[in-house]
Each structure stands twice: as structure tokens, then as C-alpha cells.
Amino acid sequence: MSVSNLLENWSDFRHTHPVDDVPHNPYKWAMSIDLDACSGCNACSVACYAENNLPVVGKDKYAHGYAMHWMRIERYWDEDGRDFPDQGAQFLPMMCQQCEAAPCETVCPVGATNHTPDGINSQIYNRCIGSRYCEANCPYKVRYFNWYDYPTTDNVWPAEMNQQLNPDVTVRGKGVMEKCTFCIQRVTVAKNNAKNEGRLVHDGEVWTACQQACPTGAITFGNLVDPESKVHKQWQAQQVELAKDAQTKDKEEGGSELRGYRIFEELRPYPSVMYLERVRESAV
Amino acid sequence: MMNSGSVKHLAGHPFDRRDFLKVLGWGGAAVALSGCGNGSVEDGKETVVSYVETNDYMIPSISVYFNSTCAQCDAGCSITGRIREGRVLKLEGNPNSAINRGKTCGLGQAGVQHHYNPDRVREPLLRNGDQGEAITWEKAYALIAEKLNGVSGEEIAFLTGGVSGHLKVLLGNYLDSFGSKNHFVYEAVGPAVLRAANKKSYGVEMPRFNINKAKVVLSFGADFLGAWISPVHFSQQYAQFRKGVDGQRGVLVQIESKMTLTGANADRWLVVRPGTEGILALGIINALGTATGDIAAAVKGYDKARVSKDTGVSAEQIDKIVALLKERTPSLVLAGSAAEGYAHGSQNAAAINLLNQVLGNVGKTVEAAAVVPFPQMAPATGNTFALKTLNDGLNAGKYKVLFSYAANPVFTAPGAMKFKDNLAKAGFKVAFTHYLDETAMQADLVLPLDSALEDWGTQVPEYMAEGAQINIQQPLMEKLHANTRGMGDILLALIKLRRADDYKKYDDYYAYLRAAVLQNKGALGGGVADDDTFWNETLSKGIIKLASAAHALSGKAGAAGLSLPAPSAIDAQYPLQLIPSVNASLRDGRNTNQPWLQESPDPLTTIVWDSWVEIHPRKAAELGIVEGDIVEVTGKNGSIKVQAYLFPGIHPDAISIPLGRGHEALGRYAKGYGVNPFQILDMVFDKETGELALHETRVKVSKTGSRVIVVKDEGPAGGSQMGKKIAARLPSDKVKLSEEVYYVG
Amino acid sequence: MSKRHLLALFSNFDEAEAVVRELRSVRIKGFDADKDMIVKSPIEHPEVEEFLGDKPVYVQWFTLGGALTGGLLAFFLISGSQANFFSQVKGGKPIVPFPPNFVLTYEMFILGGVYISILGFLICAGLPASRSPLYSAKVSEDQVGILVQADEAASSTLKSIFIKHQALEIQEEAGK
Amino acid sequence: MKDISEDIAWAKINTDVLKSLENPRKLYWVILLIAIAMVGVAAGCEVYQYNTGMGVSNKNNTHVWGLYIATFIFWIGMSHSGTLLSAILHLMHADWRKPIYRFAEAMTTFSLMTAGLFVAVHLGRVWQIYYALPYPNGRQVWPNFQSPLLWDAMAIFTYLSSSILFLYVGMIPDLAICRDHLHPGWRKTLYTALSLGWEGTDRQWRNFRVTYLTIACFLIPLAVSVHSIVASDFAMSQQPGWHITSFPPYFVAGALYSGCAAIITLFIILRYVFKFEEYMTLPILKKIVRLTFAIAMVWTYLNLIEYASVWYGHDQASKDVLIQKATGVYAPFWWMMNFCGSIVPLILFFKRFQTHIPVLFAVSLLLNMGMWLERWMIVAPTFSHGYYPWTWDHDQWPSLVQWGMVFGSFGWFTLLFMVFCKVFPSVSMYEVKEMVYHRSQATKKLEVTGNLAAAGKGAH
Amino acid sequence: MQRFLRLSVLLLGLFAAASSYAADAPPPALTTEDDLGPAIEQPIEFPHFRHAGDADKGGMQINCMYCHTYARRSLVAGIPPIQKCIGCHQSIESVRETPRIKKLFEYWDAKKAIPWKKVHDLPDYVRFSHERHIKRFIFQLNRPVQEVCGYCHGNVKEMTVARRSKLLSMGWCVSCHQQDHPVTDEGGTPIGNQAYWYSMHKPPVDASGIIKAKGPNDCSVCHK
């Protein structure tokens, strides 16, 4: 069946994703993060711990670089050599960018990380054998490996704490790679409800944990295919297109005055997270 | 996500409701990835426990949402708990509340870890030597009655943190039953000076600050995005402020000696010599040149040259700010805790408030807050003056019985106050607590409390976002431990011992609360709805919005009595000013035992699980200190050893150590991590309010010779992007925000 | 008519060569030099083949067949399994991508070639073989052996030829 | 004492080599025991790591790979010289390879076996390793054929099994010798079974020659492909310092280089331990040394090409990694690697050292250390200084568990090798005979033309 | 020689057969395959055959979803609360004194939940939605309830205590997922007002204009 399937659907199988035509229908989950609104408060990160059963590794293991924060807030300083950072700091929430042409996907030997039809870079924990090639090849280094057995030998969730674990998310044992999933468990619930009602998921029906917590509303999440979605409108207004390694607006003479950009676009992973540049007042 | 439909289903007998919160057998819900060593669950042995009785909306694997109030800090954000199979899994913001509009901060998210904390006290404990001996509640109540027998009201003291709502009423009644007036409300890092200054300047303690309506915010050390008053509310306002009212993006100028989270988000962060914020405010008034009358006279001496010299802010910079303030109105000037932590803190705050007045912001961006129509429920706000009074009383041996609730003074009082020693002079000490914290360790009787997610209650926030509101706290799940009690239930039990007749009609605090709310149904907006409907609707919303008038706001305080001291000379022995910083997640340390917060990096230094001392790189070079050096910070009242972190966002003559860590008790996630700078604070008090001046401690720093690797998220590249476009930035004149599509909230 | 085996051992190839040439040239009844003569030597000696006459080797055909089968099989197997029910979509790449499949095809080409060559070798060389009736361990040391199979009648003729060429030793199959 | 450059008796060859199979010297047991102890260390490390989690190896989320992968590449590289000696030189009719190719091939096989172990050791969930095998299964899920790791697995499997077959086929005549000349016992039974009834008939030799040649032809591209696929693990990725076009040839050169160095080491050890002075002669050593020198220069060139292409290239991130290698925490190792890889082999240029055994022994060890460092310097600095500055981590240092496993791998290799030498003839007897024969034939021709009286071949 | 030729042909044939099986393996007919799980002792030996069994066999033909009421609206089918059992049984006097019912009332009177043992248990990393399957097969394709439930649970109506009778392995799930099931009526109208979308392949349309599609093949649909 497979070989006949191969021959019958040859063009489907030779379809290069996402470069050829419209890659996703009816969903393509994407995000935009407004760095001008982001205050770096870490609420998103803690919300992620709560939603996704992230283990707290403790001081010693944090020191060794075993932190499991799927969403980390980076803090950058200006590099102008001044005594004081008189323009403040730059905060950047960094999590899996759910690349359309993800470097991690192709290298996984067992296919534990694949592209879903919704445009999410899925991570199938029970399939993972822990070769860590995905993280080696991730330009953003946003994948996190279970170096120890946090649920059992490390006892990260001692009695009572374990009752907080979200049953919709697998608790990962040792030797498994994990990362931000765009709260795929919430997406699944929303899609289920939509299906029951014979419709597509509305904009705003599904929130990621970070988005829901974010006090400044810096994070927008939604369906990029849906022309009515906030995230689609933002991407459009910023003239950022998914399957491009350099945006047309950036090639124009004199540069762009639009704030939308994606990190490491030039490496061609086609990330699904658009950041909006921070703005700093020029009058002071 | 929000299944608001299920919330409506709450109609039903309250007894049932509590029953439904029972934990459904969750063996299968503890999901695990079976692997080597982790046994697979596929052996057919696991049990699935069903309900005995259930309601329609309780469906296994479907989440239901109940509203309650966050108790992680006093801001009073409303929360919605996600409950599945009877377990509360996650807290989100309740969109009904004007305070947080569906949002939460990291601290609020960690509320579940307070509830599920393995270190919670589970039984009433009676001191037996160094040990706590588990006793029954009956015995505990009897013991209290026995100890109170023959003790006069004067000899009883009740120490609490900020309390409000019906708990405060009940507490007041309880103290009344002894004729005691000794209710000490203590907050270690509360904005007490600000309240006093606001009262003087505007006529109200806590007006509303409309950051979202301002085009310029000039903040003197107010960390409104981090730990100041109601950070989630202000963060939302801030997001709107950044988008601008009419496409003109708001400009934030932060003036402080140590960069706070808010400072890190400012368009211009101005470092100022510690304690000279008031001088700068007066200098700006002077430079504005619009003041008249006694104000003009008061600021006359503050010419740019002098102000610049005193504060370290360049004249050019003052000009820029003045130009900005003139050009863009309305503006908003905020006086934060950093400006107030000095002996002349009240004066600083008054000077800063005066700037608001001169700029005409009062009534525009500083508005009167709504009045809570039930004054007995209005929050009793805490301060450190109360603690000082209590401490003096304890020292004098005035109190025979001391109750302590929601405060941990043994940890948060300055070491020089010798609170721990004085506490021992009280005859009988009762601590109502969740954890065995430092204060509970000194108590004779420890009474375990329900967590905020198991308990009933009402809360009235101090900072009212829009109209007045009362927040409802209700259980989100069945009690985890059989022998914990709600504070309301305990107080009710205790008061029944005194005034049985008045209270015997209330079985428990829930009944009291329900009766008390329904009694005032009319005033609470219940209209003609029948009791059950109103009550259930109230519970389902999680808040009661009150129609009420606003306070009267006065904008004409003037400059009377304003006198700011010249910046003090550098002390040769203790040349550095110690700034104990209030971190957005750990605050005064009551939440330190929540591991998510310990592991959540400090936004500015990205340090986790430990304390640090921030030193400006220039100063560090002078002292030969590099990152990770263990330095000894010595003041007049002792010294602490802590790792150094080189931080550019601090005045070179100041160092900063965050509060909240350095616990000697509390629990496994808190004990032994970091140091407690409260211990070395100098006993300097604000001259007007008697508040402890947190920033007045002077210290010296010396190397101990040992060095550690600082545990932080930031890598060896530090905060550098190494020339890559990672976190990018544009100047505002390049961006047309008005053409953008954006969504707030 | 029963046949008997004779094994003669010689100390060097020159002598053995001479024997072979003589055996091929003389006509002995009941002895066919092409079929009934086997030369056993301790080392590979191309000259032996020259004087034994041209005998074809077929191993290379096995190799060709094996390599092609391996390669083709790999390509279709891999492409087919990529196109199964669980099409693993990899962002930026088609489901059936050529470069990786070619790499694997290349490896399997070699694998098939090697395996089938060995198989071919075993088949063509008749290995594993049961031991021939006459054998001397000297052959694996330093002597060249010639094993012939002939009618009883011819054996004396053969023996004399061997002796003529300074056979070091002649073994004779026991009579039946 | 006569050696193989002269005409030595074939029977003596048999005796000498067969002698090496029996009655081991004390030194042999010492080496064997040390090897077993080393394997024990590694086994202990693995048990600890298996039970506790990969964290005990002290890698982290930035440094996801460490010494395991570096050592894996090292062992894969080591395997290439066997193929070089047995296949390439076979095709080129270099008869000096004959006494030494057997152990070189064994080295190929065993270093591949060692390398393969590192793949397993490196996995986070080694108990699920079967997920990576392409076999029809009930889940109907296949591994991801796009992953270079899978190519690796395929290439290594092909290489390992082909090498074993090649080794075995080439050994059949020798096994027959063993069968014929050993006393009955388990060995004899073993050799009888393994020699498949080889009798050295003309038909067997004829097919043997063609098969051997064919496999040799296959092995050469295979060996090249194996190490270029290992190079693809890195070159196919996107990381700075890895995404380099010249990696495949660079890896292949490095592989041959380390393999040749290892051959020198083993040559000297075997020559001493088994008293093979007559077979492993100094002229042969000299040839290997010259070959090593040539490959060293090729490697040096490719190494410099890599630096140059990074340096003149446009990719700042790659350049940063290079600078980091030369100046950062890895600088001592990086410079050591360059020193060992490019400077040390210059000693081999001097004729007097080309047969100086102590010097060669030291040099060969240094060369291998250089090559091991090279692999480490490929893996680690890119992790410590990748694209994303926030996650840079310059302080990572492998834990004792990692070192123990690397240490143990040498023991494992030695163990396999020592056992091999005692079970199978480590010098190819029949090929040495051929060599001696052809040489004497050549001498004879010379004698005939020079009208010199000549004795026949052979010692009788 | 002959022998080895035969051997080689045999080996080659095996090799070819194995690989063609691997690539072309037809979906094993696993839906019909029985794989009996362990017999499980429940706190009350619940007679499924009595409640759900056919009338001629003394059963009451109660719809599965009458008791397993959660199945159509959540991931799990759920065990009914004791309330539900009591609801009927308090008015059925005839069996009131039987040991099983007495036990039931003991639990009810003590207000204690019955510790039922799990019979159909999937690994914790699997997300199986009863709701989706019931919506699809009962409400959209109008298949009989007992048949639909029986696909995975076997012939429960003839069991006393339920026992696992299907493999419930991943391959077993897939054997059904990779079959084409109709998603539209003739003319392409979606069945049951459902919105359908397909990940990779355009589903085939058969002669009558009915579109058939396979089940989801996306890993993250079933693995959490």
C-alpha cells in the first residue's frame, strides 16, 4: 500500500513545506510579541511552569545549566559603553519559535519532533530517545532536555505538589527532550469544541498560558490563516510574511519603520513568532 | 478557554458545592512518561475512583472554573481557578475584576504552590521544649481560653498583616470582647509613607493613578511594574500608556538610585544620588517656572546648578525633562518607595507630589478613589511604625498574650530591633500560620491555616481600580489536610468563647459570611433577587462591585512645611548606602517557599535561588570585586556575606541586596537560600510618620576572598547581543504607532 | 566404474606446473584433466590458473546483482515507508526527500554488493565444502598438492608421472 | 635472524605466527587485565548514568553533546586506516602491507564496535534505541530517514558488517592453516568450522581473488562515505563552526590520519608483545611512517583551509566560534590539537626518526591525542559559543563519568584487540608467503638474467 | 553447487519478501483481533450482561451511555456515581437483598466511593477522546451504540466484569485510523454539520460523490 500510495500521491510527497503554495489550512498557529509592551516581569514564564508541568530543578542543577524554563526572559543591556544603562534594559521572552522549516525536525532520528498540519513543531515525548540532535541544531537553543529523572528520583513534585500536575500534559521522565508546544493541549481542547459545533476555532478562543498571564498583553496568539485573527492582522500590518528569509519591507531603501521582525530570519527557519521592536523615546 | 458556562452552573446548595470539590481519584491523572525505571501503568491494577454523588457540570477530564481572590499579595487581584477532577491546577486572572482584568503576575501564578506546599503545617502544634507537639483543635481552643483567662484587654496584642473585609470585622469584634485596642497591623514593605504624604497632598491615602491617561510618567522610584501597590493593574495601564491615547506613545522617565523593573522599562532612566529625589522634584518645579506663590518661594533656592550638584543629574537632562513635561500633558508624577525610604522620606514624597500639583495633574491623572461604603471592612493597612510600637510594648513586658497572623516580624524586623528577644517576653504566643516560619518557630501555640484556595473570605483591596469592589475568596477545592482551619473559622470559634450568644447562630465562618453579605444585599447591588440567587451569582462572579462615591481630592496642599535636607556627606567608615530592594516575586519573603518563584530569575540580574549584592562596575573595580566574589556587607548593626553581582543600574555610592531570601525556617525551598538584609538595617525612622527608613542603612563592603559561580540564567555573554538582531529597538520618531494594529489585554 | 583419488605433493610450483602440463597433454583412459584434477596450493598463484586453462569466475555478477538490488530496495523501501500513513512532515523539506534517500541508497548499494558478493563467493567456490578424500596439512604449509581422480587402471600411470616430477609424497585413497 | 625481506621458510612463517596464538606472555595478561579493568570503569559509569540520568555526565542544555560524540568520531576515524591498508593498498599491489593489514583490519572492526557503543551511551533513553531501527513494527512508525544520525547508523552498520566480512574472508586461508596445524581442542573445532573446508584448491583461490578484490573496491567508497556522513552530522546542521563545506574531506583525512597513527602504535606493541620482528620489519614501519607523514600534511592543509574559509567567509558567527576556539577556555586544547596534528608529525620528516621506535611510539600517541582533541574541538566550542549569545556557556567541563567512559573505551578496544590476537592470526600467513614467494621469484629472475646460480624457492 | 544456488535463491527471496512486506505491508486486520487482558477482580462484580445484554439472554438492553454518561462529552467514559446506581436500585426491591446490591448500598450509606479497578487503561502519554469517537460513529455515521463501543471494548454486553479484549496498542489504533471512513454524504455535504480538514492528502471521492477520509495521522493528536 505504501509504495502504491507513494506513486499515487507523488506530488503531495514531493511538496516542499512551507515554500510551495499555501502550507496550512485551516490553521497555522502563530504569535506576535510586542517588546514595547513587555516589561520583563516573568509572569509568562511562571505560568508556563504551572501549565506544562515544568520541573523546578533547584539551585545546583540550575547552576549546571539544567534549567527547564520553556519560556525564558532575556535581559540585554545597551552596548554603548556608557556608565549607566540610561535607556533601561531590553527584555525578550524567548521560547520555541515553532519554525516552519525547523532545523530540529529534520535531524531527529526517530521523528519525535514533526510539523503538525497546524504549523506547530510538535514534540512527542514518548517517541524521543534522547539523541539531543534537535537541540544541537536549534539556533535559538530553546529545547530543554531531562538530564535527570525529575518526577521520581529527583522528587521535584513531593506529595501534594504532584496534585497540581496538569493531566493534559505528560510528565517527562529522564532522557526526553521537551520544549514549548504553544500549549498544544489547549489548542486541542479548542479544536475539539469547535468540531463539535461544526465550525473552526474562533480567534481568541484559545490562549496560551503565557498569553493569558501576561499583564501587559504583550503576547498575541492565534491562527495566522484566519484573516480576522489579531495575529494575522498584526503580521499583515507589519508586513512580515511567514515563508521569507528577508522581508520585502526590509529591502526597501532607507530601511523599515515597521517594528515587526523575526529573530534569525536569515537562517531561514521561518519562525512563527514575530517580535515587535521595542520603542524608545527620542525626545529624552 | 474560559468555560464561563460552567461557572453559571454554580446554582445549588452550598453544601453540595463543597462536596463536588472533592478530589476525584487522580491516580490516572498523574501523567507520567513510562520509561526505564518508571513502571508502566498498564497493569490493570490502577483504580479509578468515582464520585458518590455528583452534579452535572463535574465531568472527569473537563475543567471547570471558579472565581476567587489571589492572596499572594495585598493588591487584591481576582483569580479564576481551573479545576479538574477536584484538583485546582492553575490560576488565571478573573476578567470581571477591574483590578487585573483577567491577568496575573508570576507571584499570582505560584498561588497553587502555596496551596499544595509540602511544608504546610498540618496539625495544631503546642510547644514542648524545642518540639511542637500535635494537639487537637479543642485542646488548642481550651488552651487559649485558659491563657486569656484573667488577662486584661491591655495585655493582649494581636499582630496581623494587612486585613480587610469580614475577617477584619470579626477580628475587631474579637478584640472588642476584651476591650483591647492592641491590633497592630504590620507590613514590612508597605507604602506607609506614601499614604501619609498622599493624605497631606491630596486628602486621600490612596488615590488612583491613571498611568494610561498620562503622556509622560515621571516616576521617582515607583516600581509600579514590579512590586508597587498593584503591579498587575499598573502593568495593564502601562501597556495602554505605551500605545498612547491618540497614537502618541507615553514617555516613562524613571528616577531612582537602583534600577527597578520599571526603571528597566523606562525611556530614560536617571540615576540619582540616594535620597535626593525630593531635591530633584523641587528643581524641576523651579525649572518649569510655572509655580506661583509659596510654592515658587519654596523652590527658589533649587536652581539647576545646585540641584545638579546635589542629585548628580545633569542640568541638560533636567532641561530635557522640563521641556518634555511642558510639551506633553497630562503627565503623572509618582513617588515610589525608593524615594520614601529615608529619614526625610515624607518630605521627598511631599516634594514629588507637589510636582504633580504644579503640573496640574491632580484630578486628571491623579484621581480620587472610590470610597468603600462599609468602613469597618476597609483595609487596615500596615506599617512598620506599628511593629515598633508593639516591639516597645513587648520590651516593656506589657503583653501577656500575643496573637500573630499573616506577619513574620522575626524575619522582617530589623535585627537591631531585637524583636525576637522581646517576643520571648510575651507570656503566651499564638501564631496562625501556613508554614512554620521564623515567627511561628518562636510561638507557643501554632495553629495551621487553610490555604487561600481552601478558605472562605472577603477582601477589600486598598487600591481601587475603578469603582469600589469587594473580592470574594472561596474554596477552589476540598481541604488538603483535615486539620487545618480557616482564619475566619478560628476567629469565630474564639469569639464564640467570649460572646456565645451573638455568634451561636453561625455554624461556621461560611455561614457568617453568607449571612453578613445577604444582610446588606441591597447595598451590595443585590436588588430584589432572592438570597440564594444573589449569593450564587456573587460567588460565580468572584467580586461584588459597589456603587459608591469617590473621595474628595484636594490639589492645593502647597509647599508649607517642606524642607529637604542637603544630601548627607559620605560617611568615611560606612561609605555606601544599602538599598534593600523589593523583588516583584519574593517581596518581603512570605512567598519564598514557592519553588517556581525561587527558580524564576530576577528580571534584572537573572539570578535564581540566592541573594546577591548589586555593585556598580566602577565601584567594584575600585574595590577589586568581580562577579561571584563573596563580599561582607557590614553596617552598624551587623554584617552579612553575599555574592557580588556587577550591575550597571545602580548609583556607585549605593549597593543593593534583595529582600525575601535568607530564611532560617519556612520550608525546604526557602530555608538556607540567600541572606536576609533586614537583619542589618539601621534603626532610622522617617521623621514624620515614624516609619522605618529602609534605605538609610550605611554599610561598607569588603572581600572575603572566596568566590562562587553566580547561579543565573544569563550566560557569559552577559547582556550583550553580540551584534545580532535579537532584541531590537527603534527610536520613537521612526515609528508610527498609530498605524499599527495592536490589542491591549 | 569406480574412481580412485590420488594426491601428490610437490615442493614448488614449477614442478607442479610441469605435472599439470603433462597430465593435460597425455591421454589416460578414465582421467579427464579438466574435470578430475584439482591443484591445491598454500598461496594464491595466478600462474596455476594459466596452466590449468581458462576457467571463468562469476562472482562479479553476484556483486552487480546484489548492489543493484540493495540500492533499489533501499530507495523504494525508504520512500515507501516515508509515504506511509504517518507522513512525518518536516518543515522545509518534502516528505520524500531525495538527498537523504540517495545517501541511504548509496549505503545499501554497497551493503547489498558486499553481502551478495560474499554469498556469490561461497557459492562459486563451493564453500562450505566437505573435506576432500585426500588432503595433506602440508598444503597449507608450503607444498603444492595435485589431487586427481581416476579409474583404478589409470592410477599407476598417474603415479609414475608424479614420481617423474619429484613428488615428495603420494597419497592414495584406500581401495574399496 | 632472517626476516621477510629475505627468503624465510614458509613453515617457519606458520610456526611463528601460530606461536602467537598460544601460551601468552605475562605481558599479554597484564595488558588484558588492565583492559578489563578499564572496561569495568566504563561499565560502572554507564550503570550510574543509566540509573540516574544523562545529567551525571555534566552536559547541559547548551552543551547537549560532549565527549561521547567526540570520542565516537575518534573511533570511527580510527577505523579508516584498516581499510586504507587492506583495500586501497591491496588494489595498488603494495606488498609491504601484507604482514600488517590483518591487525589493521581488526583495528577497523574493533574501533567501529567501540564507536557504536558510544552511540548507545550517548542516548538519553538507550532502552528505546530500537525506535531508531528501520524495521516493520506494530506501531507502523518508521524512523526519520532525513536525519543524518540515521545515515550514520546505516553507514556504520554497512561498514562494520562489511569490514567483518572482509576480515573474515581474507582470513579463511589462514584459518585453514590453523585448522591443519593445531592440536585438537576447542580451537581446532572453531577453526574447522570457520575455515569452511578451505583446502586451497584452484577454484577456491580463483573465486577468492575476485571476491577479495571486489569487496576491496566497495570498501574504499564505503569508508569515504562513512566518515563524510559522520561529517554530515555536523556539516548538515546549521550551527556556526559546523556548517562547513570542507568538513567531509576534512573528516576523512583526519580519520586516515588517526588510523595511521594508531597503526604505528599497534605495530610497535604487537612487534614487541608477539615478537614479530621478522614480519613487522622496520622497512615496513618506515613506509607507514611516510604514509602517515603524507596524510598529516593533507590534514594540515584541510585544517588550514577550514580556518581560512571561515576567516574569509561572511559568517560572523562562525568566525566568532573560531576566535573562541583560539582564545577562549578551549584555547589550550585547540592549540594542543594544532600542535599535535601539524607540528609533531614534522619529526617524521627526518629519516633517522622514521625507524626510531621509541620516538615513533611517542609521536604516534601524540598524533592520536591531537586527533582526539580535534574531534572534541569540533563538538564542544560550537556549543559553548553558538548562534544565540544568551545561551553561551564557556564553563562546561565533562564530568568524570564522561572521562571514565572515554577511558573505558580504550580498554574495550584493547580487550577486543588482545582477544582477537590470541584467537586469530594477527599476521596474514598466506599473504606473507605470497610476499616472500614473489620476492624470491623476482630475485630468481634477477639471478637468471645475471647467470647466477640459484637455488629454488622454499627452504628445502 | 546446486545446494548453494538453492540457498541463495531462498535467501534472496526472503530478503525481497521481507522488504516488500515492510514497504507494502497491508494494514493488519487488528480491529478483529482479540487480545484478552487480565481478569480483574472488582470490588463489586458488576453484571454488564444483565444491564446491557440482549433481552433474550435476560439483559435489559440499557444503552452504554446511560451509565457511562461522560463518554459523549469528555475524554473519558467515566464510571457513574453511586447516586446513579441507587437511583434505579432503590426502587428495585426484587434484587435488594442480593449480595452485590447489599454491598452497593453499604458504599452508598457510608458515602464512600467504590474503588473500581481500571480495565481499559492507556499509557499516560496518550490522549484518547471518547467524545470524538462517539460523535463520529454514533452521532454522525449512525452506527449502533454497542457496536461502536465494542470496537474497542469488545462484547461487553456478554461480560460480567468487563475485561479488556482488544489489544489497544498503537498499531491497533492505526489499523482503524488509516481506513477511509465517509465524512460527507453524497454530493459532498459534510455529515452532521462537521467541519473537515485534511492534513496532507486530498481525500478521495468515490463514485457516489461521498468523500472518505482517514483518521488523524498527526502524532500530537493522540500523544500529549
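Computed from a predicted structure; not experimentally measured. All chains are named by letter (A, B, ...) in the order of the sequence lines, taking the proteins before the strands, and each is independently numbered beginning at 1.
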Of all heavy-atom pairs between [X] and [Y], which one has the smallest distance, and what is that distance?
X: Arg132(A); Y: Val64(D); value: NE-O, 2.6 Å
X: Lys59(D); Y: Trp147(A); value: CB-CH2, 3.5 Å
X: Pro103(A); Y: Gln238(D); value: CG-OE1, 3.2 Å
X: Ala132(D); Y: Ile129(A); value: CB-CD1, 4.1 Å

Q) For chain A, which residues from residues 114-124 of chain D have at least one heavy atom closer than 4.5 Å to it? A) His122(D), Leu123(D), Gly124(D)
Heavy-atom pairs under 4.5 Å with chain A - which of [options] has more of them than the others?
options: Asp233(D), Asp152(D), Ile69(D); answer: Asp233(D)
options: Val126(D), Thr382(D), Val141(D); answer: Val141(D)
options: Leu150(D), Leu133(D), Leu149(D); answer: Leu149(D)

Q: To the nearest 0.5 angstrom, please state how far the CG atom of Asp149(A) sits from the CG atom of Asn51(D).
A: 10.5 Å
Chain A contact via [X] - which portion, at a heavy-atom distance below 4.5 Å:
X: Asn58(D); answer: both
X: Phe234(D); answer: backbone
X: Trp242(D); answer: side chain
X: Thr391(D); answer: side chain
X: His243(D); answer: neither
X: Ser232(D); answer: backbone

Against chain D, work out which of [options] has the most heavy-atom pairs shorter than 4.5 Å and name it.
options: Tyr76(A), Phe145(A), Tyr133(A); result: Tyr133(A)
options: Glu74(A), Arg268(A), His64(A); result: Glu74(A)
options: Ala112(A), Gly65(A), Pro139(A), Pro109(A); result: Pro109(A)
options: Cys108(A), Ala67(A), Gly111(A); result: Cys108(A)

Donor-acceptor under 3.5 Å ([X] side chain, [Y] main chain):
X: Trp390(D); Y: Ile73(A); result: no
X: Tyr131(D); Y: Arg127(A); result: no
X: Arg125(D); Y: Cys128(A); result: yes
X: Lys141(A); Y: Pro389(D); result: no
X: Tyr66(A); Y: Asn61(D); result: no

(Q) Would Met54(D) and Tyr148(A) count as a side-chain contact (heavy atoms from CB on, under 4.5 Å) here? Give the steps. (A) CA-CA 6 Å; Met54(D) 284 303 290; Tyr148(A) 290 94; over 6 Å; no
Q. Mind checking whether Phe264(A) and Tyr388(D) have parallel, tilted or perpendicular rings, split at 30° and 60°?
A. perpendicular
More than 12 non-hydrogen atoms from neighbouring residues, nucleotides or ligands closer than 6.0 Å to [atom1] on [X], yes or no?
X: His394(D); atom1: NE2; result: yes
X: Leu400(D); atom1: CG; result: no
X: Trp10(A); atom1: CH2; result: yes
X: Trp372(D); atom1: CH2; result: yes
X: Tyr130(D); atom1: OH; result: yes

Q. Could you walk me through whether Glu105(A) and Gln146(D) pass the side-chain contact (heavy atoms from CB on, under 4.5 Å) check?
A. CA-CA 9 Å; Glu105(A) 287 172 3; Gln146(D) 300 197 24; over 6 Å; no
Q.
Between Thr106(A) and Ser147(D), is there a side-chain heavy-atom distance shorter than 4.5 Å?
A. no
Q: Just grab all the salt bridge (Lys or Arg N to Asp or Glu O under 4.0 Å) pairs involving residues 60-73 of chain D, residues at least two apart or on different chains.
A: none
